Amino acid sequence: MQRRCTVEKDKFLMLYNRHAEKLFNFIRWTTADSVAGRDILQNVFIRVWNCSGAPEDEKECSRWLFTIAKHACVDHFRSAARFSRFRKEYNLETENDQVYPEKFSVWKEVARLPETERSILYLHLKIGYTYKEIAEMLSLNESQLRVKAFRSLRKLREKITLEEHG
Amino acid sequence: MGEMHDGHLTEEELAEIAAGDASEPQLKHLEICRECSQAISELQLVKSALLSIDDQEIPRKTEREILLLSQKSKWEGVQQLLLNPMLTAFIVIIMLVLIYYSVITFLL
């Protein structure tokens, strides 16, 4: 089968340099799994390389990439559904305490939130997207998304000791 | 400001304020209501705690594999074309026809 490829090598490298790290961390937050995050990131860039063209506008392009990453995460959850529980436990016990020893308690609680809530929090707090933009990207209702984010913050509030971060 | 719940802001209103979309009446309420303003400031602390989680770098191996992708895929495309049985058969037939006509032309 012939492959359509209009994302040229230079554009591909530029997209990688500008967005890969943010995408990787978005995937890591969404899946709460760095190991799976590496594979998913590769899948994202395979999709980018095979796509029929990336948006020219920088902001539009960024949104497009996060949407691809979100779909790649959804595919990952579907294909790995039976291993998800094991992975989650493996993650909490082995990986993150080594990566974030001092922030483990925060990350541990974040990892316990549903994946959509983790995605929302990362896109809003770390990337700086508005709830309206996130609602468009994740195909969700804006006001529901806003309440979802608020509830997840409140859930975290109940679990995290705030003194050390205040 | 919308309906109050027990004299306090509703969940939707607190969500709006937490998102940075507070209206004037909501801000006025926060000034006089210690419980609601405390709820909001605690959420701000949670946000700070989340922001303190550092981003992780992409492992070198993953980076190499992705960057190689842009070169590998082009060859994969050529390989895919060559591995296509119909196309290979077509190329072989064309080559046989060309060889046949070359031999005929040479003999005549």
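Proteins get letters first, then strands, A, B, ... in listed order; numbering begins at 1 in each. Note that the structure is a prediction, hence the values are computed from the model and not measured.
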Side-chain polar contacts of residues 63-75 of chain A - donor-acceptor pairs under 3.5 angstrom, sequence neighbours left out - could you list them?
| residue | atom | partner | partner atom | Å |
| --- | --- | --- | --- | --- |
| A:R63 | NH1 | A:E136 | OE1 | 3.3 |
| A:T67 | OG1 | A:R63 | O | 2.7 |
| A:D75 | OD2 | A:R47 | NH2 | 2.6 |

For the residue pair B:T10 / B:E13, report whether a side-chain donor-acceptor contact shorter than 3.5 Å exists.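 B:E13 vs B:T10: donor-acceptor pair found between side chains.
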Quick test of your reading of the model: are A:K155 and A:E158 salt-bridged, counting only N-O distances below 4.0 Å?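 The answer is no: the pair does not qualify as a salt bridge.
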Given heavy-atom pairs under 4.5 angstrom as the criterion, report whether the side chain, backbone, both or neither of B:Q44 touches chain A.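 Contact with chain A: none, neither part.
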Given heavy-atom pairs under 4.5 angstrom as the criterion, report whether the side chain, backbone, both or neither of B:A18 touches chain A.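 Interface part for B:A18: side chain.
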Please classify the contact between A:F45 and chain B as side chain, backbone, both or neither, with a heavy-atom cut-off of under 4.5 Å.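 Answer is both: backbone and side chain atoms of A:F45 are under 4.5 Å from chain B.
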If we ignore hydrogens and angles and just use 3.5 Å, is the side chain of B:H8 paired with the main-chain N or O of B:C36 as donor and acceptor?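 The answer is no, because no donor-acceptor pair under 3.5 Å joins these two groups.
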Heavy-atom contacts under 4.5 Å, residues 143-152 of chain A to chain B: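 When heavy atoms of chain B are the reference, residues 143-152 of chain A contributes A:R146, A:V147, A:F150, A:R151 within the under-4.5 Å range.
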So if you build clusters from Ile, Leu, Val, Met, Phe, Trp, Tyr with side-chain heavy-atom gaps below 4.5 Å, do [X] and [Y] land together?
X: B:L87; Y: B:M95; result: yes
X: B:I93; Y: B:I104; result: yes
X: B:V97; Y: B:Y100; result: yes

Let's test your reading of the structure: which of A:L13, A:L125, A:L23 forms the most heavy-atom pairs below 4.5 Å with chain B?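 That would be A:L125.
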Between A:I46, A:L121, A:V44, A:T130, which residue shows the highest count of heavy-atom pairs closer than 4.5 Å to chain B?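 Going by pairs under 4.5 Å, I would pick A:I46.
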Would you say the side chain of A:R28 lies within less than 4.5 Å of the side chain of A:N25, judging by non-hydrogen atoms?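 A:N25 vs A:R28: side chains touch.
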